[in-house]
Every structure is written in C-alpha cells, then in structure tokens.
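Presented below is the structure to which this report refers.
Values below: every heavy atom of this structure, side chains too, minus hydrogens, waters and symmetry copies. One-based numbering along the sequence shown. Just so it is clear, the structure is predicted and the values come from calculations on it, not from any experiment.
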Amino acid sequence: IIKILLTLLKLSKLFNRFIKNFKAQIRILMFNTLKDKVNKENWFNREKIYSSLHSIEELYSHYIKLEPHAFLHAGTLSNTILKEKLNGVNAISIGIDLLKDLTLVKNNNLNIDVFDLDGKAVDLSNSLSDEFQISESLKYFNQNVLSKEFKLKKEYKLCILSQMDYIFNDKEIESLLMKISSANIKYILILTPAIFSFGSTVSFKKAIHKTVDLISIFLYSFKSRLIYKNKDHTTTFRRKYSHLLNLFKKNYFCSYKLDYAYPSGRAYLFLLQSKNSK
C-alpha cells in the first residue's frame with residue numbers, strides 16, 4: 001500500500017508539473033514571444049568542421065550530410081537579392097554561415113563583412129575565404145555588434161540576418177536596429193524559422209500547414225522546458241509574425257515577404273526597406 005501511495009504521489013507531482021508548464025505555455029502564446037531552451041551541446045562545432053575543410057566541394061559535402069536544408073535557405077536568400085536588384089552591393093551579415101556567405105558572394109556578387117563572437121571560427125573562416133580566393137569580397141570580424149564600442153566603418157546598403165534573430169531578445173534587436181538605422185543601411189534581409197502566427201491565410205491548405213506548425217512549436221517549447229530545466233542551456237526566442245515586424249516598423253517597412261515549408265520546419269523571409277531611403 002505504501003508503495004502504491006508513493007507512486008500515486010509521484011504521479012501527482014508530475015501531473016501538477018505538467019499543468020503548471022501547460023498553463024505557462026498558454027499564457028506565453030497569448031503574448032508576442034515564446035521562449036525555447038536549447039541544450040548547448042546541440043550547437044554544431046564550427047571550429048571542428050571548418051578546420052577539416054580544404055575545398056568548396058568538401059564544404060558542400062558537409063552541408064549535404066548534416067544540413068541539406070541550408071541549400072534551400074541560401075538559395076532563397078540569393079533569389080530574393082537577385083529579384084530585388086541588390087546584386088553587387090556592400091552588405092553586413094550577423095553570424096557566420098559559410099555556405100550562405102559563399103553562395104551570396106558567388107551568385108550575387110555581394111561584398112560581405114560578417115561579424116561573429118566566435119574568434120576561432122572567424123579566423124578559420126577568413127583562412128577558408130582566402131583559400132577559396134574570395135577574400136576580397138568576404139571578410140570576417142570578431143566583434144560584438146551589440147557593444148557600445150561597435151561602429152560600422154564603411155557604407156553598406158544591406159544587412160543580412162539569416163537565422164540569427166532568435167538569439168536576440170527584443171531589447172537587443174532594438175539596439176541592433178538603432179546601429180543599422182544610424183548607419184543609413186537601406187535594406188534588412190531577414191530569414192528565420194522562429195515565427196509563430198495566429199493569422200488567417202487566403203489558402204486553406206496553407207492555413208492547415210501553419211496550424212500544424214503552431215502545434216509543433218508549442219510541443220517543442222513545452223518539451224524543451226521539461227528536458228533542459230536543470231541542464232546547461234541557452235534561451236532562444238520565437239516571435240509572433242506581427243511582433244517581429246513591429247520591432248522594425250519605426251524605421252523600416254516590409255517591402256517583400258514569403259514563407260515556405262521544409263522537412264524540419266517553416267522559414268519566413270522578410271525584406272525590410274528604410275522609411276528614410278530615397
């Protein structure tokens with residue numbers, strides 16, 4: 001009997017924990033931001049991977065094996081830049097993604113300066129850029145774009161935030177936006193999988209897909225809160241569709257947008273244009 005009572009007590013505690021987390025998720029979904037907990041061990045080791053590369057073919061082989069969807073994302077960014085007649089411009093990009101960076105330099109003739117906090121990855125990326133003979137068009141810098149000391153030292157027309165928005169909280173995005181706006185950067189190109197939406201769509205099929213996406217996001221966030229509660233983790237942010245755009249609306253408006261499904265989720269692309277641009 002005692003064992004049964006102890007088992008029932010444990011089940012009761014687990015149930016109460018479940019209800020508590022469920023209610024917390026419902027409250028979050030009623031607002032603008034949903035937090036995920038991500039195990040730091042899950043972040044792939046760029047240093048180990050980049051140090052093993054010696055050719056563009058090896059880079060492609062790595063992405064095909066581990067992140068094949070990265071080709072879809074890079075191609076979508078490249079096609080948008082081509083469509084919006086932004087080929088050949090000077091651009092800044094936040095965060096290293098060698099496949100994306102290489103694609104935009106090769107396909108769109110961009111001159112890109114990439115800023116990242118990982119000093120070793122920066123050094124390796126610069127070495128690979130030199131080895132791939134594109135170092136004149138692709139340079140990496142170990143700088144914190146959110147620091148007070150950070151200043152852009154040349155003119156850029158485009159800022160690229162590819163799968164990077166979700167590591168920043170709202171205040172950090174607003175701080176970054178102030179730097180971008182004050183540097184008179186005309187366009188911001190955002191590609192993100194970290195969006196949830198309650199809005200209706202013109203396509204019934206698309207509405208079904210987005211409903212499934214929303215349920216998956218809800219379940220993943222709920223699971224991450226349980227699994228990584230007492231483990232070393234980092235927090236990432238998913239934002240409501242309208243809330244993300246509202247963070248930029250003081251200085252920028254959305255001139256082009258699209259979304260598409262891929263095997264592990266849904267990606268949203270936004271091209272924002274400065275309200276002060278001529």
Side-chain angles (χ1 to χ4, degrees), residues 32-36 67 69-87 89-101 103-105 107-108 110 112-117 145-146 152 156-197 199 210 213 217 236-262 264-277:
N32 294 316
T33 305
L34 183 63
K35 294 182 181 179
D36 293 337
E67 299 179 289
H69 59 273
F71 288 93
L72 174 61
H73 298 330
T76 301
L77 289 167
S78 178
N79 287 339
T80 300
I81 289 170
L82 175 63
K83 178 180 178 181
E84 298 299 318
K85 300 179 180 180
L86 292 173
N87 277 5
V89 305
N90 290 337
I92 66 166
S93 183
I94 312 301
I96 295 173
D97 178 348
L98 206 50
L99 177 66
K100 176 261 295 177
D101 302 334
T103 298
L104 299 185
V105 167
N107 284 14
N108 302 97
L110 294 189
I112 308 176
D113 289 342
V114 182
F115 298 92
D116 196 285
L117 293 176
V145 295
L146 296 177
L152 295 171
Y156 301 95
K157 191 170 185 178
L158 173 66
C159 174
I160 301 167
L161 282 174
S162 177
Q163 303 183 82
M164 288 299 296
D165 59 292
Y166 52 77
I167 71 169
F168 299 122
N169 61 38
D170 286 1
K171 288 185 178 180
E172 289 171 335
I173 283 186
E174 289 171 354
S175 175
L176 177 60
L177 177 59
M178 287 181 62
K179 295 176 184 291
I180 294 171
S181 180
S182 62
N184 296 317
I185 295 176
K186 186 174 181 179
Y187 296 98
I188 303 174
L189 183 57
I190 302 172
L191 181 68
T192 176
I195 292 290
F196 62 91
S197 174
K210 288 193 174 183
D213 292 340
I217 288 169
T236 60
F237 303 89
R238 295 179 186 267
R239 293 179 173 87
K240 189 188 298 184
Y241 185 99
S242 57
H243 180 62
L244 177 65
L245 293 180
N246 283 340
L247 291 174
F248 295 88
K249 72 176 183 179
K250 181 178 179 181
N251 302 100
Y252 289 82
F253 66 93
C254 183
S255 61
Y256 177 74
K257 59 186 177 183
L258 65 86
D259 64 89
Y260 56 91
Y262 61 100
S264 57
R266 178 172 293 275
Y268 293 77
L269 180 143
F270 305 96
L271 180 64
L272 309 180
Q273 185 173 339
S274 172
K275 291 181 178 180
N276 298 321
S277 62

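- The closest side-chain heavy-atom distance from L189 to L269 is below 4.5 Å.
- In this structure, Y256 has no ring pair (Phe, Tyr, Trp, His ring centres under 6.0 Å) partners at least two apart in sequence or on a different chain.
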Under the side chain to side chain contact (heavy atoms under 4.5 Å, CB included) criterion, do T76 and L258 qualify, and how do the steps go? CA-CA 10 Å; T76 301; L258 65 86; 4.2 Å; yes
Side-chain donor-acceptor pairs of residues 174-181 under 3.5 Å, sequence neighbours excluded:
residue : atom : partner : partner atom : Å
K179    : NZ   : S147    : O            : 2.9
S181    : OG   : N251    : ND2          : 3.4

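- In terms of heavy-atom proximity, N169 sits nearest to R239 at C-NH2, 3.1 Å.
- Summarising the geometry of A91 relative to L110, their closest heavy-atom pair is CB-CD1, 4.5 Å, with the distance given to 0.1 Å.
- No donor-acceptor pair closer than 3.5 Å links the side chain of K100 to the backbone N or O of G75.
- Put simply, the side chain of N90 does not reach to within 4.5 Å of the side chain of K157, judged on heavy atoms.
- When every heavy atom of Y252 is checked against every heavy atom of I185, the shortest pair comes out as OH-O, 2.5 Å.
- The heavy-atom pair separating I81 from N87 by the smallest distance is CG2-OD1, 3.5 Å.
- Y187 has its ring centre no less than 6.0 Å from the ring centre of Y156.
- At least one donor-acceptor pair closer than 3.5 Å links the side chain of D116 to the backbone N or O of I96.
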Show your reasoning for whether side-chain hydrogen bond (donor to acceptor under 3.5 Å, both in side chains) applies to D97 and H73. CA-CA 11 Å; D97 178 348; H73 298 330; over 6 Å; no
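- The shortest distance between side-chain heavy atoms of I92 and I112 does not fall below 4.5 Å.
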